[in-house]
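Sequence lines set the chain letters: A, B, ... in the order given, protein chains first and strands last, and positions in each chain run from 1.
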Amino acid sequence: MRFSRYFLPVLKETPKEAEIISHQLMLRAGLIKQQAAGSYSWLPFGYKVLMKVQRIVEEEQNRAGAVEMLMPTLQSADLWRESGRYDAYGKEMLRIQDRHERDMLFGPTNEEMITDVFRSYVRSYKDLPLNLYHVQWKFRDEVRPRFGTMRSREFLMKDAYSFDLDKDRAVAAYNRMFVAYLRTYWRMGLTAIPMRAETGPIGGDLSHEFIVLAETGESGVFCHADMLDKPIPPADTDFRGDLTPIVQDWTSLYAATEDMFDKAEYEATVPENKRISARGIEVGQTFYFGTKYSEPMKATVTRPDGQEVAVHMGSYGVGVSRVIPAIIEASHDDAGIIWPVSVAPFEAILISLKVGDAATDAAAEKLYAELDAAGIDVLYDDRDQGAGGKFATADLIGVPYQLIVGPRGLKDGQVEIKHRKGGERETLAIDAAVARLKGLIEPQRRDQA
RNA sequence: CGGAGUAUAGCGCAGCCUGGUAGCGCACCUGCUUCGGGAGCAGGGGGUCGAGUGUUCGAAUCACUCUACUCCGACCA
């Protein structure tokens, strides 16, 4: 992509409405534009990140055996009356009437609708287990939206729903999502810790929140320090096998949100030098809630013995649009964002320092074509601007590698690679640059890992 | 939903107290010179001062009402 033909409005100054660093940087680096309280446009640069995050979520859901579909944003109130949540949900649910004065709502979540899909088709235990998911916009009319897309009213969420014959099998389904989540956040460069959590209005008795530690997080959390560097299950993990050992390992150390905090247990099981009491951002949550929806909504299957039983369900959410500020909170410096390669909007930025200079133009154009041919997603800063501004922009938008081409180096046939994270610089022969970048970038994509 | 604030050019702000020609920096446009860390010079364009009502000869400025947005708290992917 040529910068001159792209739409990337960067701001030199910090908009005054933004309080936390991720919100400031998302506005300054041209990812989002606020449209109303808790409502944002995703500009091209931000949308690219959003789609990369979504893609990782989808790949890991699919790997774990979940099946993707898509449900509408607007739902009929009747469905919610069946579960009893139409009255229970409160003002956070945006209620709408259509032209026939039928009660509708903008979905804050989809348990009712997926249960309706399930009960319309599934009759036999032989069709289980089943896990259906979608990535769709949700609306929750928050009393106080804040921090940009961290707590917006309209947000993109992946929500998966599992259906099983009994509790044991439902817990196995829960474990599959648990492991998928460990891999999902890791692939985005996040350290997300599963913590015992309250179930809230979703209901149920088994739940984990996946938390990224950050000063600006909205949840208070307590955990064992060793939770931070546990090994992530590999890509060839057998999701059809028994995942209990992995989940047991990950839940053996103390980790809980403040709602579930048990001081006595915490102090008894976590040595003093391993105690972490911090704030965190909730980037996902898993629930097992048994027959809470299947019973009232009559989502049943026939067992081998001929008896008809309500299915055991779980739901599993990832706040796709929230993950992005979480990544930025975890990875930035004074100059701007530092994207992990796996979610970076571009993998490299090619900076031409003297547009209009024949030798520089020729070298930059050639490198641009070669990078493209090498399969590297590159932003080519071909704008006729001072070098200082270009460096500042490149740092701000956080592209992982900067390939710098200017007359000074070209005299000796050399170009420079700057690593955004860490700031290391390498000077190398122009012919070696593309291969070097490829070598740096490919292992960090985490798409094969 | 309680408390506190803000609203003046695309962005950041001054002007308001003490009513009288709407201003600064950045950004934008034109030209020239520049070109390795947010360049320089010269010229130029852009505003129903959030909305409404009132007071006044005269309102960005004073009064009242409303709206939007932000922050703190209580609540939540």
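Under the Watson-Crick or G-U wobble criterion, with both distances below 3.5 Å, rC17(B) is left unpaired in every strand shown. Under the Watson-Crick or G-U wobble criterion, with both distances below 3.5 Å, rG73(B) is paired with rC1(B). Across all strands shown, rA7(B) forms a Watson-Crick or G-U wobble pair with rU67(B), both key distances being under 3.5 Å. Of all nucleotides present, only rC62(B) satisfies the Watson-Crick or G-U wobble test against rG54(B), with each distance under 3.5 Å. Under the Watson-Crick and G-U wobble criteria, each requiring two contacts below 3.5 Å, nucleotide rC32(B) is paired to rG40(B). Pair assignment for rG46(B): none, as no Watson-Crick or G-U wobble contacts are both less than 3.5 Å.
Remark: ring of Phe391(A) not stacked against base of rG38(B); the cut-offs of centroid gap under 5.5 Å and plane tilt under 30° are not jointly satisfied.
Relative to the six-membered ring of Phe3(A), Arg383(A) meets both conditions, a distance below 6.0 Å and an angle of at most 45° to the axis. Tyr86(A) carries Arg81(A) over the face of its six-membered ring, with the cationic atom under 6.0 Å from the centre and within 45° of the normal.
The listed nucleotides are rC35(B), rU6(B), rA77(B); the one nearest the side chain of Lys354(A) is rC35(B).
Between Glu19(A) atom CD and rA4(B) atom P the separation is 19 Å, expressed in whole Å. Atom pair Arg146(A):CZ and rA74(B):P shows a separation of 9 Å (rounding to whole Å applied). Protein atom CZ of Arg140(A) is 5 Å distant from nucleotide atom C1' of rA77(B), rounded to whole Å. Going from atom CD of Glu218(A) over to atom P of rA74(B) covers 11 Å, rounded to whole Å. Summarising the geometry, the separation between CD on Gln34(A) and C1' on rC69(B) is reported as 7 Å, rounded to the nearest angstrom. The CG atom of Asp259(A) sits 13 Å away from the C1' atom of rA74(B) (whole-angstrom rounding). Summarising the geometry, the separation between CG on Leu190(A) and C1' on rA77(B) is reported as 15 Å, rounded to the nearest angstrom. Across the protein-nucleic acid pair, Lys12(A) atom NZ and rG38(B) atom P stand 9 Å apart, rounded to whole Å.
Lys438(A) NZ: 12 or fewer foreign heavy atoms inside a 6.0 Å radius.
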TODO: Please report the C-alpha distance between Phe210(A) and Phe178(A) in whole Å, then the side-chain angles of each, then the deciding distance to 0.1 Å, and finally whether the ring pair (Phe, Tyr, Trp, His ring centres under 6.0 Å) criterion is met.
DONE: CA-CA 9 Å; Phe210(A) 285 72; Phe178(A) 189 102; 5.5 Å; yes
Task: Verdict with reasoning, Tyr174(A) to Tyr288(A), per ring pair (Phe, Tyr, Trp, His ring centres under 6.0 Å) - done: CA-CA 7 Å; Tyr174(A) 184 95; Tyr288(A) 161 71; 7.5 Å; no
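Of the N and O atoms on the side chains of Gln61(A) and Lys158(A), at least one donor lies less than 3.5 Å from an acceptor on the other residue.
As judged by a 4.0 angstrom heavy-atom cut-off over every strand, Ala387(A) is placed among residues touching the sugar-phosphate backbone only. Among the atoms of the strands shown, only primed sugar atoms or phosphate atoms (P, OP1, OP2) are found under 4.0 Å from some heavy atom of Gly388(A).
Separation of the P atoms belonging to rG47(B) and rA9(B) is 11 Å when rounded to the nearest angstrom. rG10(B) sits 9 Å from rC28(B) when the C1' atoms are compared, rounded to a whole Å.
Summary of the strand contacts: Gly409(A) and Glu282(A) both lie near RNA chain B, and taking for each the nucleotide with the nearest heavy atom, the more 5' one is attributed to Gly409(A). Both Val355(A) and Ser321(A) lie near RNA chain B, and the one whose nearest nucleotide falls closer to the 5' end is Val355(A).
Between rC72(B) and Arg144(A), a contact under 4.0 Å exists linking OP1 or OP2 to a side-chain N or O. Contact annotation: Lys390(A) side-chain N/O to rC35(B) OP1/OP2 distance is not under 4.0 Å. An OP1 or OP2 oxygen of rU34(B) is reached within less than 4.0 angstrom by no side-chain nitrogen or oxygen of Gln385(A).
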